[in-house]
Number of protein chains: 2
Amino acid sequence: MELSSKSEYALLALLELGRGFGQGEPMQIRQIAAHQNIPDRYLEQLLATLRRAGIVRSQRGAKGGYLLARSPWQITLYDVVSCIEGFDSSKEPPATPQTSEGSVIAEVWQTARQAAEDVLQKQTLQDLVDKCKAKQQVDLMYYI
Amino acid sequence: MELSSKSEYALLALLELGRGFGQGEPMQIRQIAAHQNIPDRYLEQLLATLRRAGIVRSQRGAKGGYLLARSPWQITLYDVVSCIEGFDSSKEPPATPQTSEGSVIAEVWQTARQAAEDVLQKQTLQDLVDKCKAKQQVDLMYYI
DNA sequence: TATAACTCCGGTTCTCCGGTCGGGTTTGCA
DNA sequence: TGCAAACCCGACCGGAGAACCGGAGTTATA
């Protein structure tokens with residue numbers, strides 16, 4: 001039930017991209033990695049996955065980098081974690097050849113997971129960006 | 001997000017114990033393991049954990065075995081997985097010394113997890129047993 | 001009281017995967 | 001043409017989950 005650092009990194013990176021959304025300027029891996037202190041070599045792989053899932057797009061060559069493929073409010077957190085965690089399409093067909101006990105358990109578990117996924121589905125990247133800005137505002141006010 | 005075999009085994013075992021609840025007869029590890037085909041040596045450890053968490057109690061010696069410590073309807077599925085997965089009390093205090101971005105993400109994640117836990121909290125072992133019986137009934141009717 | 005049937009406890013092994021690197025290839029801008 | 005980036009691929013490491021085992025402690029029962 002723990003948030004894997006994989007997903008956290010991805011979210012952090014997208015947050016960065018999301019706030020720079022609008023001006024066509026792509027951001028480099030290095031920038032993002034440094035700003036959120038994520039191992040850049042690792043971030044590279046994550047962004048590759050996000051690109052294959054159509055969440056970000058990349059621009060090669062000098063002055064290249066990454067941009068969001070869609071606007072922040074049409075990217076749900078579920079999109080992100082599901083693609084990064086790899087439980088989207090084509091998975092474990094032999095996952096449910098169980099006994100009646102097993103299937104009942106699987107069923108309940110499925111319900112619980114569904115509940116969590118619903119929460120993630122309702123939150124968009126835009127929401128995150130906003131919350132983040134709000135929080136920074138508050139933090140600033142309380143700063144001595 | 002996947003149900004660990006650990007938790008699945010535990011649930012399976014408790015299901016077994018739950019259905020035999022009432023008559024004071026304890027069940028042996030071997031029996032449970034054989035009936036649900038779980039590696040018995042492994043099940044032993046899981047039951048030990050459940051015992052320490054006060055979910056089952058054990059009777060040593062000849063004719064010994066395991067029994068539920070409370071009745072099935074006062075054991076929630078959350079009790080089980082949280083104790084087996086080990087995220088009950090005393091865990092990672094340094095889990096949130098993050099940046100403002102990080103804390104926002106953690107917050108949302110927490111909400112999602114909470115939703116899942118609520119589902120588990122509402123389901124008792126008794127519910128599982130009932131569902132299981134119902135399912136077996138249905139399966140029997142459809143049996144050629 | 002002896003014995004068999006159990007739980008209990010601790011280590012050990014094996015496997016798998018998240019996370020990490022290094023090196024090399026393409027692409028595009030200046 | 002040179003440089004700066006994304007891109008690809010494969011190997012490595014450590015730790016956690018999963019499973020195995022030997023032996024010691026406990027108890028009902030004959």
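Chain identifiers are assigned alphabetically (A, B, ...) following the order of the sequence lines, protein sequences preceding nucleic acid strands; residue numbering begins at 1 within each chain.
OP1 or OP2 of D:dG17 has not a single side-chain nitrogen or oxygen of B:Ser4 nearer than 4.0 Å. Residue B:Tyr9 places at least one side-chain N or O closer than 4.0 Å to OP1 or OP2 of D:dA19. Contact check, B:Tyr42 against C:dC14: no side-chain N or O comes under 4.0 Å of OP1 or OP2. Put simply, B:Arg30 has no side-chain N or O that comes within less than 4.0 Å of OP1 or OP2 on C:dA5. Remark: B:Arg52 is in phosphate contact with C:dC9, judged by side-chain N or O atoms under 4.0 Å from OP1 or OP2. Between A:Ser5 and C:dG18 there is no side-chain polar atom (N or O) within less than 4.0 angstrom of OP1 or OP2.
Atom CG in A:Leu50 sits about 12 Å away from atom P in D:dC7, given to the nearest Å. At whole-Å resolution of the value, NZ in B:Lys63 and P in C:dT3 are 22 Å apart. Regarding A:Ile84, its CD1 atom lies at a distance of 12 Å from the P atom of C:dG18, rounded to whole Å. Distance, A:Gln28 CD to C:dT27 C1': 15 Å, rounded to whole Å. Regarding B:Leu46, its CG atom lies at a distance of 11 Å from the C1' atom of D:dG17, rounded to whole Å. Nucleotide D:dG10 holds its P atom 13 Å from the CD atom of A:Gln45, rounded to whole Å. If you measure from atom CD of B:Glu2 to atom P of C:dC17, you get 12 Å, rounded to the nearest angstrom. One interatomic measurement links the two molecules: CG of B:Leu43 to C1' of D:dC21, which rounds to 16 Å at whole-angstrom precision.
A donor-acceptor contact closer than 3.5 angstrom links the side chains of A:Glu101 and A:Thr99.
Within a 6.0 Å sphere centred on CD of A:Gln137, other residues, nucleotides and ligands contribute 12 heavy atoms or fewer. Surrounding CZ of B:Arg70 are more than 12 heavy atoms belonging to other residues, nucleotides or ligands, all under 6.0 Å away.
At a threshold of 4.0 angstrom between heavy atoms, the contacts of A:Gln59 are confined to the sugar-phosphate backbone, with no base atom among them. At the heavy-atom level, A:Leu47 lies nowhere under 4.0 Å from the strands shown. Counting any heavy atom pair closer than 4.0 Å across all strands shown, A:Arg51 reaches sugar-phosphate atoms only and no base atom.
When side chains are defined from C-beta on, B:Ser7 does not count as touching B:Val80, because their heavy atoms never get closer than 4.5 Å.
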* To do: Show your reasoning for whether side chain to side chain contact (heavy atoms under 4.5 Å, CB included) applies to A:Thr76 and A:Leu120.
  => CA-CA 7 Å; A:Thr76 75; A:Leu120 267 352; over 6 Å; no
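Take the nearest nucleotide of DNA chain D for A:Ala62 and for A:Arg41: the residue whose nucleotide is more 5' is A:Ala62.
Between the side chain of B:Arg60 and the base of C:dT7, a donor-acceptor pair under 3.5 Å is found. The base of D:dC20 has none of its N or O atoms less than 3.5 Å from a complementary donor or acceptor on the side chain of B:Glu44.
For B:Ile29, whose side chain is taken as the heavy atoms from C-beta onward, the closest listed nucleotide among C:dT7, D:dA6, D:dC20 is C:dT7.
The side chain to side chain contact (heavy atoms under 4.5 Å, CB included) test with A:Asp79 singles out one residue from A:Leu14, A:Ile55, A:Leu50, and that residue is A:Ile55.
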